[in-house]
Amino acid sequence: MRSELIEAATRVIDSGCYINGPEVAAFEGELAETLGLGRVVGVSNGLDAIRLIIRAYIETGRLVPGDEVILPSNTYIATLLPVSEFGLKPVLAKPDRATFGLDWRDVLRNVTPKTKAVITVHLYGTPSWDEEVASRLRSKGVLIIEDNAQAIGAQILNPRTGKYVFTGALGDAAAFSFYPTKNVGALGDAGAVATADESVAAVVKALANYGSSRRYHNDFIGYNCRLDELQAAFLRIKLASLAEVVERRNERARLYASLIDNPAVTLPSELPQMVQVWHQYVVRTPHRDKLQRWLADNDVATDVHYPLALFDQKCYASPGVAPRFDEECRDITRQLSAEVLSLPIATASPSDIEHISTLINAFQP
Ligand SMILES: *Cc1c(COP(=O)(O)O)cnc(C)c1O
């Protein structure tokens, strides 16, 4: 991998073309091809991918400031920030304890005449999708946006067609992140937008380039959110081993599942009719802080995704920007924040996993 990356860097350096060149175009095509996506536009990072999708829907009249957007209450804040940035009203739906993504029945309960979009987040690499609810919403004109930052390569069975579909190809538009620690990681910031709607892709592409699709002619008050040639060249190499990454992470998840046996610790569900990509391997326990300390004392570094709920963040404290959510959502979300613990998975060897599982089995709350 290292020598391939150096070779790619050399190729780009020697080409003299660093922005808007052949590597970005090739990567966009390869990502679309690998995942069965429509059009892909390489962009600067995952947050900008979500921003550009929402701004493009505003420019095309599909979203208007004041519209309500439903998203899961336990996601990373980057899902929510663009909703606020563009004056849309965030509504939080409670998470499903099996997938950690949206509880789709709670999405339906939160729909009002002002609901114009839902953002589903395939959190930790598990698809969050309900074909029946999604098509009902789409028939009412509600857009479904996927935050696929953690789930590249994940798949879910479409009960209608009997075919597996990659996340990122399920909704109206999808955001990808290639932050270095994501399952496909660049050597810096990078992201992508995918959509089957050519006109939306064209607006995203223009918005990411000062609002211009023709040099010195600006249709939108845009940004500079481009993916660069060097990162695209690295990403082409990383993308080529996506299937291996998914397989390796599934092996590790299966090993944890076969070894951890402690009544105080709940394992994440391996779910039928989908391919999970295990961006995080998240266990739950009411004694989370104690378990995390026990592992740290034994030199095992873990993480918490995420320790403070969106609605408890300082930046969302004032009533003017606070998302709407109900008490049940609040309680489940706070409980998850207090109970979740992400075990090492990205680089853990089978013997690391055996060691960590033995420690967890010896843990006494
Ligand atoms: C990483 C991440 C993002 C943001 O991606 P960046 O490339 O870091 O901007 C958005 N949503 C989720 C769920 C993420 O995990």
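Counting starts at 1 for both ligands and their atoms, following the listed order. No experiment lies behind these values; they were computed from the predicted model shown.
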Find all protein N or O atoms under 3.5 angstrom from an N or O atom of ligand 1 and list the pairs with distances, or write 'none'.
from: ligand 1; atom 1: 5 (O); to: S177; atom 2: OG; distance (Å): 3.2
from: ligand 1; atom 1: 7 (O); to: G46; atom 2: N; distance (Å): 2.7
from: ligand 1; atom 1: 7 (O); to: S177; atom 2: OG; distance (Å): 2.7
from: ligand 1; atom 1: 9 (O); to: G46; atom 2: N; distance (Å): 3.3
from: ligand 1; atom 1: 9 (O); to: L47; atom 2: N; distance (Å): 2.9
from: ligand 1; atom 1: 11 (N); to: D147; atom 2: OD1; distance (Å): 3.3
from: ligand 1; atom 1: 11 (N); to: D147; atom 2: OD2; distance (Å): 2.7
from: ligand 1; atom 1: 15 (O); to: Q150; atom 2: NE2; distance (Å): 2.8
from: ligand 1; atom 1: 15 (O); to: K182; atom 2: NZ; distance (Å): 3.1

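Judged as a ring-ring contact (aromatic ring centres under 6.0 Å, His included), and not counting sequence neighbours, F234 has no contacts. With sequence neighbours left out, L308 forms a side-chain contact (heavy atoms from CB on, under 4.5 Å) with D312, Q313.
Salt bridge status for R138 with D172: present, with a side-chain N to carboxylate O gap under 4.0 Å. Contact check on K205 versus E28 returns a salt bridge, with a Lys/Arg side-chain nitrogen under 4.0 Å from an Asp/Glu carboxylate oxygen.
Side-chain contact check for Q280 and R249: no donor-acceptor pair (N or O, by modelled atom type) lies under 3.5 Å.
Note on residues 264-287: pairs passing salt bridge (Lys or Arg N to Asp or Glu O under 4.0 Å), not counting sequence neighbours, are R284-E339.
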